[in-house]
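Here is the structure we will look at, set down as structure tokens.
Labels below follow one simple rule: chain letters A, B, ... track the order of the sequence lines, proteins then strands, and each chain is numbered from 1.
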Protein chains: 2
Amino acid sequence: MLSKKTKYAFHALTYLGKHKDQGAVPIQEISAHHNISHKFLENILLELKKAGLLGSKKGKGGGYYLIKLPNEIRLSKIIRLLDGPIALLPCVSLNYYEPCEECASQEKCGLNMVMAEVRDETLKILEMKTLQDILERE
Amino acid sequence: MLSKKTKYAFHALTYLGKHKDQGAVPIQEISAHHNISHKFLENILLELKKAGLLGSKKGKGGGYYLIKLPNEIRLSKIIRLLDGPIALLPCVSLNYYEPCEECASQEKCGLNMVMAEVRDETLKILEMKTLQDILERE
DNA sequence: CACAAAACCTACAAATATTATAGAGTAAAT
DNA sequence: ATTTACTCTATAATATTTGTAGGTTTTGTG
């Protein structure tokens, strides 16, 4: 399951995608529309900005806006950013790898191999789907 | 990511699969071989038994053993049992559904639809792979 | 029968992660 | 000057995960 943080991020990105003609959108507007804690969403949007997905404008009339096209924002990117690994086990994670502590040899571990296959299949899905797919279905 | 509980369950099932000719295997043997806390594993195996995957025998010479064929034990089953939902959001979970609190209408929610598609693709993988796949690669 | 081995069961403790809040700063518009 | 809204860091509250404790029941064996 995704954390609420990641779920909120998707809601916010979707909202920003739908309102990308209106320029900067204040956090307040998004949090009110989706019943999300303003302060919590604040942290999330800041992370998305630091990751290069959003731009922001301070002061009156300010807010956040997408600085990438919706079809360039992959689900995998958002999930990795806020939730961490997509792989089911640390020993098959591409971005958050950690060696297994229960196995004598990772090379001979059937679980490791199967989970690596699962990871590859999962990534195919999550790298193909983008924010655009969400927007198209609204 | 899977919880350690689920990961340990996979290790234990694999071990039992590899030693299915030797009859009942005591927890001690599995926990020692994989460096897993005996007591923690105890709880896990008990759950797997209650779910109908394992049989057990008490007393001296006792232990656990598979009561299903490895190719009948799907990854999806183990994950759902110990970790819960496979879907990325509660509002698209087949087995652990909960309505979304941020959306006015689930039927018009693009995120919901995309995540339902992701769930379907993920399930294709996790329902296809079984304990047998792990055993074959050892 | 006594004893040891091993599953069964319930509760709880410790550690970690998630979710949320607080409050002080900085920048911009009017 | 004032209001609006992002920036930043710290911390509190809550939930979940991970692990432990301690007993009970069952079974095989000498």
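Distance, Lys58(B) NZ to dT24(D) C1': 8 Å, rounded to whole Å. Rounded to whole Å, atom P of dT19(C) lies 10 Å from atom CG of Leu2(A). The distance from atom NE2 of His38(B) to atom P of dC9(C) is 15 Å, rounded to the nearest whole Å. Atom CG of Leu82(B) is separated from atom C1' of dT17(D) by 13 Å (rounded to the nearest Å). When rounded to the nearest whole Å, the span between CG of Leu16(B) and P of dA7(C) equals 10 Å. Across the protein-nucleic acid pair, Met1(B) atom CE and dT16(D) atom C1' stand 15 Å apart, rounded to whole Å. If you take CD of Glu47(B) and C1' of dT18(D), they are 13 Å apart, rounded to a whole angstrom. We find that CD1 of Ile36(B) is positioned 16 Å from C1' of dT20(D), with the value rounded to whole Å.
Among the nucleotides dA20(C), dA6(C), dC6(D), the one closest to the side chain of Lys4(A) is dA20(C). Checking dA27(C), dG28(D), dT18(D) against the side-chain heavy atoms of Lys60(B) singles out dG28(D) as nearest. Closest to the side chain of Lys49(B), from the set dC8(C), dA27(C), dA5(D), is dC8(C). Between dT18(D), dT7(D), dA7(C), one nucleotide has an atom nearer to the side chain of Ser56(A) than all others, and that is dT7(D). Nearest nucleotide to the side chain of Tyr64(B), out of dA7(C), dT7(D), dA20(C): dA7(C). In this structure, the nucleotide among dT7(D), dC8(C), dT20(D) sitting nearest to the side chain of Phe40(B) is dT20(D).
Remark: the Thr130(A) side chain and the Asn71(A) side chain contain no N/O donor-acceptor pair separated by less than 3.5 Å. Glu29(B) and Tyr15(B) share a donor-acceptor pair across their side chains, judged by distance under 3.5 Å alone.
Taking only side-chain nitrogens and oxygens, Tyr8(B) comes nearer than 4.0 Å to OP1 or OP2 of dG19(D). Within the structure, a side-chain polar atom (N or O) of Ser3(B) is placed less than 4.0 Å from OP1 or OP2 of dT18(D).
Here the side chains of Met115(A) and Phe10(B) are in contact, with some heavy-atom distance below 4.5 Å. Contact check for Leu54(B) versus Ile67(B): no side-chain heavy atoms found under the 4.5 Å cut-off.
With Leu45(B) as the fixed residue, the side chain to side chain contact (heavy atoms under 4.5 Å, CB included) test singles out one of Ile30(B), Leu53(B), Leu13(B): Ile30(B).
Nearer to the 5' terminus of DNA chain D, by closest-nucleotide assignment, is the contact made by Glu42(A) (compared with the other of Glu42(A) and Gly59(B)). Between Gly61(A) and Gly62(B), it is Gly62(B) whose nearest contact on DNA chain C lies nearer the 5' terminus.
Counting atom types as modelled, Lys39(A) pairs a side-chain N or O with a base atom of dG23(C) as donor and acceptor under 3.5 Å. Contact annotation: side chain of Asn43(B) to base of dT18(D), donor-acceptor pair absent below 3.5 Å.
Within 4.0 Å of Lys50(B), counting heavy atoms only, lie sugar-phosphate atoms of the nucleic acid but no base atom. Residue contacts shown for Leu45(B) are absent, as no nucleic acid heavy atom lies under 4.0 Å away.
Taken from CG in Asn35(B) to NE2 in His11(B), the straight-line distance is 10.0 Å, to the nearest 0.5 Å.
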